[in-house]
Structures are given as structure tokens and as C-alpha cells.
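Notes follow the structure.
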Amino acid sequence: MYLLLLAVVYIAFISLGLPDSLLGAAWPTIRTDFHVPLSYMGWISMIISGGTIISGLMSERLTKKFGTQVVTIVSVFLTAVALFGFSTSTEFYQMCLWGIPYGLGAGAIDAALNNYVALYYNSRHMSWLHCFWGVGTIISPYIMSYALTHTVWTDGYRMVSYLQFGIVVILLLSLPLWKINKPVVSKESDAAILGIKGALKIKGVPYLLTGFFAYCAAEATTMLWASSYLEGTRGATKEEAAALGSLFFIGITVGRFLSGFLSDKLGDNKMIYLGTGIALSGVFCIVLPFKITSIIGFAVIGLGCAPVYPCIIHSTPKNFGAENSQGIIGIQMASAYVGSTFMPPIFGILANHISLKLMPLYLAFFFLLLIVMITRTERECRGNHYELQNCSYD
């Protein structure tokens, strides 16, 4: 039964990935329709990420009060409603308003499900879980590309919202399955609330949060600006850019599937270093002044990003203890979305006033910062590795 529950969790993560690549794929068309500058995509992204920061910080309290399953169902429903709202938008400010419920839903489900899998399943399942996030991010750009080719961009958002509502139904039907895993902490709802101050006092946590911030800054910037980079610096058409932008998501999805076979053998930290090195080689590819190398480069960056996020999350309970993991992972999500909130808009401003060609340098800075912070975290947490009970299912 636990494998059936794991399948449901995988499906829930598809729902988390479905909307993430829509905005970047559609933005070249949306900004033309709304008559707004290139950089305005960053404002929508910032609003969405602001909601995820709030819900990420609240996730510890919400999960302990209502349980992972309830938080997941409500969160997916919120994102489905928000996506339908995007499809009805006729003005830029309306998209900004619908970004609020979308962000609130995305942050809560991200923190709750990541902690659940980190506690109860092996590292390879965490990689494959995020592989299913990648499946969602691959599907949606092609849905948007189809909509741009045959109808309008709003139909792309509407189709994805229908898929989200379908996933809500599946989650509702799966409610009895969530009872099969006993809490790792004796009574999950009775565990003390760690909070931000409590988390920051734990050795190694500040470095981990900074590293996660850096990673998500690089990932979100690539995710949102790949299509615009290919159009603005490599001569791709809007339709080509929408489809080619998905190569990053293909790379990250394939990479997470493959890393699932390696992560238990190599360990979380080695996978993070390996992935970051591959991502930096992809950044070098997009520097080269050729369309084909840039296209390949974004796929390679995705391949390198693949193990980083799941391995950072999966190592959290072992580094800091099961009783602290939900609180720390919730704050990790908030830290991650601070990177997602502010760094892509800042790049948008730089691209507007200087050049889109700054993107490789921008990405390289954050990938190098990630390596430094993970190294510091590893040193601080050396010897801490907690033994978890009732978890690590094969």
C-alpha cells in the first residue's frame, strides 16, 4: 500500500510542476498582448514567489494541525483555481492578482510533501518524486505551444487548470492511503514548533538556507528567461522559443530519473557537487555564440540541476533530526522562494537596461555560491547524521 501512496504523491508533484513552466513559455506573447516591458514577467513571478514564502513559513503549523494530506489537497485546489483565473485575465494586473492564490498553494504543498518523502522514503524516491515535478514542467510548455499555434495563450492556462482539478479528485479518493505510515515523531501534531529563530540557532542551517537560495535563484532565472534568451540573442521565433525553453525541463526531468539510480550509492552531497559541475558546463555552452550550443546548454543546465534540490531536501532529516525537519524544510522553501522571487526580476532589469547576454554570468555566480554554501553546511553538520525510524522504504 505504501507504493500506491507513493504513486499518489508522485501525481501530486506533477500538479506542482505543471504551472511552473507556463509563464516563461507564454511570456513573449503575453507581454505583446498586454503591451508591457520584457521585465514585467518578474513582477508576476515575484508575487507568486511571495505567496510561496508565506505558505512555506506557515507549512510547519499547517501540517501539524491538519496533516500532510489535507494541506496537499487544499493546495492543489488553490493552484487549479488560480490557473483558471489566469486564463480569464485580460489585463496585466489581473494576472498579478491570480498569482497570490497560486503562490500560497504551491508553497504549502512543496514543503509538506518534501518533508513527508524525506522522512519515509529513500533518496532515490526523492529524486524520482522531483522527476515527476519535471514531467509536469515538460507537459505544460507543449500545451502552451499548441495553444499559441492553434488558439490563444489563455487556452493553454485553461487546459492546465483542468488537469489540476483532475488531480484534486485523485487526491480526494486517496485519503484512506495516508494512514499507512506512522509518524516518525511520536505524535506529529504534538511536536514543538521550531520556528525561524529556533531553526537559525541550529548549527549549519544558515549556510544551508543560503545555498538553497542560490540554487533556486539560478533555477528560476533559467526557467523563466530561457525562452526570452533564445529569442532575443539567438534569433528563435516566439513559437520556437516557447518549445525550446522546455529543454531545460527535459534535462532536469531526465536527470532526476537517472540520479535516482545513483543517489543512494553516492550520497546526497556528492550528487549535489556532481550536478552543480554539470550545470556550470551547461552555462559555458550558452555563452558560445551559436543557437545550437545554447539550446544544448539549457538542456545540460537542467541535467545538472536535477539532483540538487531533492538531495538538499532529503539530507535535512538526517542532518538536523526528524523532529526539526518539517520546520527547517518549510524555512528552506521560504529561502528558496526568496531566491525565486527577487533574482529573476533583478535579471530582468539587467536584461532591459544592459543585455540578455548577461544571463550566463548571472547563473554562474549563483551556482558557485551554492558550492561554497553546501561545503560549509557539510563541515558544520559532520557527525550529526540522525537515525530515522519507520522510514527509508525501498
Side-chain angles (χ1 to χ4, degrees), residues 49 52-54 56-57 59-60 107 110-111 114-115 117-119 123 126-127 130 192-222 259 263 266-280 283 301 304-344 346 361-388:
S49 296
T52 61
I53 292 169
I54 293 170
L57 293 173
S59 67
E60 183 183 15
D110 208 355
N114 272 299
N115 183 61
V117 175
L119 289 175
S123 181
M126 181 65 83
S127 292
H130 286 268
I193 302 294
L194 184 63
I196 299 174
K197 289 183 179 179
L200 292 177
K201 290 178 182 178
I202 297 175
K203 203 174 180 181
V205 169
Y207 295 123
L208 179 66
L209 296 179
T210 306
F212 212 40
F213 162 88
Y215 167 75
C216 289
E219 182 191 79
T221 301
T222 308
S259 66
S263 55
L266 296 181
D268 292 324
N269 284 334
K270 287 183 180 178
M271 291 297 295
I272 293 168
Y273 294 133
L274 175 63
T276 308
I278 292 172
L280 284 169
V283 171
I301 292 172
C305 284
V308 178
Y309 196 116
C311 287
I312 289 176
I313 295 293
H314 189 265
S315 64
T316 300
K318 290 183 180 179
N319 284 334
F320 305 109
E323 69 279 7
N324 296 322
S325 65
Q326 181 65 72
I328 293 174
I329 287 176
I331 299 167
Q332 278 179 270
M333 295 299 106
S335 175
Y337 286 116
V338 168
S340 301
T341 299
F342 295 105
M343 296 305 104
I346 288 174
L361 182 63
Y362 197 77
L363 296 179
F365 169 79
F366 287 112
F367 282 127
L368 292 172
L369 179 60
L370 167 65
I371 291 175
V372 172
M373 290 299 106
I374 292 300
T375 301
R376 296 297 299 269
T377 304
E378 186 179 11
R379 289 175 183 171
E380 292 289 324
C381 295
R382 192 167 290 158
N384 275 357
H385 305 286
Y386 294 84
E387 293 296 327
L388 304 181

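Here the structure is a predicted model, which is why all the values come from computation and not from measurement.
Rounded to the nearest 0.5 Å, atoms CD1 (I328) and CG (L209) are 8.5 Å apart. One finds the CD atom of Q332 at 3.5 Å from the OG1 atom of T316 (value rounded to the nearest 0.5 Å). Summarising the geometry, atom CG belonging to D268 is positioned 10.5 Å from atom CD belonging to E378; distances are rounded to the nearest 0.5 Å. Rounded to the nearest 0.5 angstrom, F367 CZ and I301 CD1 are separated by 6.0 Å. Put simply, CZ on F365 and OG1 on T221 are 11.5 Å apart, with the number rounded to the nearest 0.5 Å. In this structure, the separation between NE2 on H130 and SG on C305 is 13.0 Å, given to the nearest 0.5 Å.
Under a 3.5 Å cut-off, the side chain of Y215 and the backbone N or O of A336 do not form any donor-acceptor pair. In this structure, T377 contributes its side chain and L208 its backbone to a donor-acceptor pair below 3.5 Å. In this structure, T375 contributes its side chain and I371 its backbone to a donor-acceptor pair below 3.5 Å.
Here the closest non-hydrogen pair linking S263 and M271 is CA-CG, 3.9 Å. A pairwise comparison of heavy atoms in A218 and F366 identifies CB-CB, 4.0 Å as the closest pair. In this structure, M343 and A217 approach most closely via the heavy-atom pair CG-CB, 3.3 Å. Heavy-atom minimum distance, G211 versus L370: O-CD1, 3.3 Å. F213 and S335 get closest at one heavy-atom pair: CB-OG, 3.6 Å.
Between Y309 and C216 the shortest side-chain heavy-atom distance falls below 4.5 Å.
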Does I312 form a side-chain contact (heavy atoms from CB on, under 4.5 Å) with I374? I'd like the steps, not just the answer. CA-CA 9 Å; I312 289 176; I374 292 300; 4.1 Å; yes
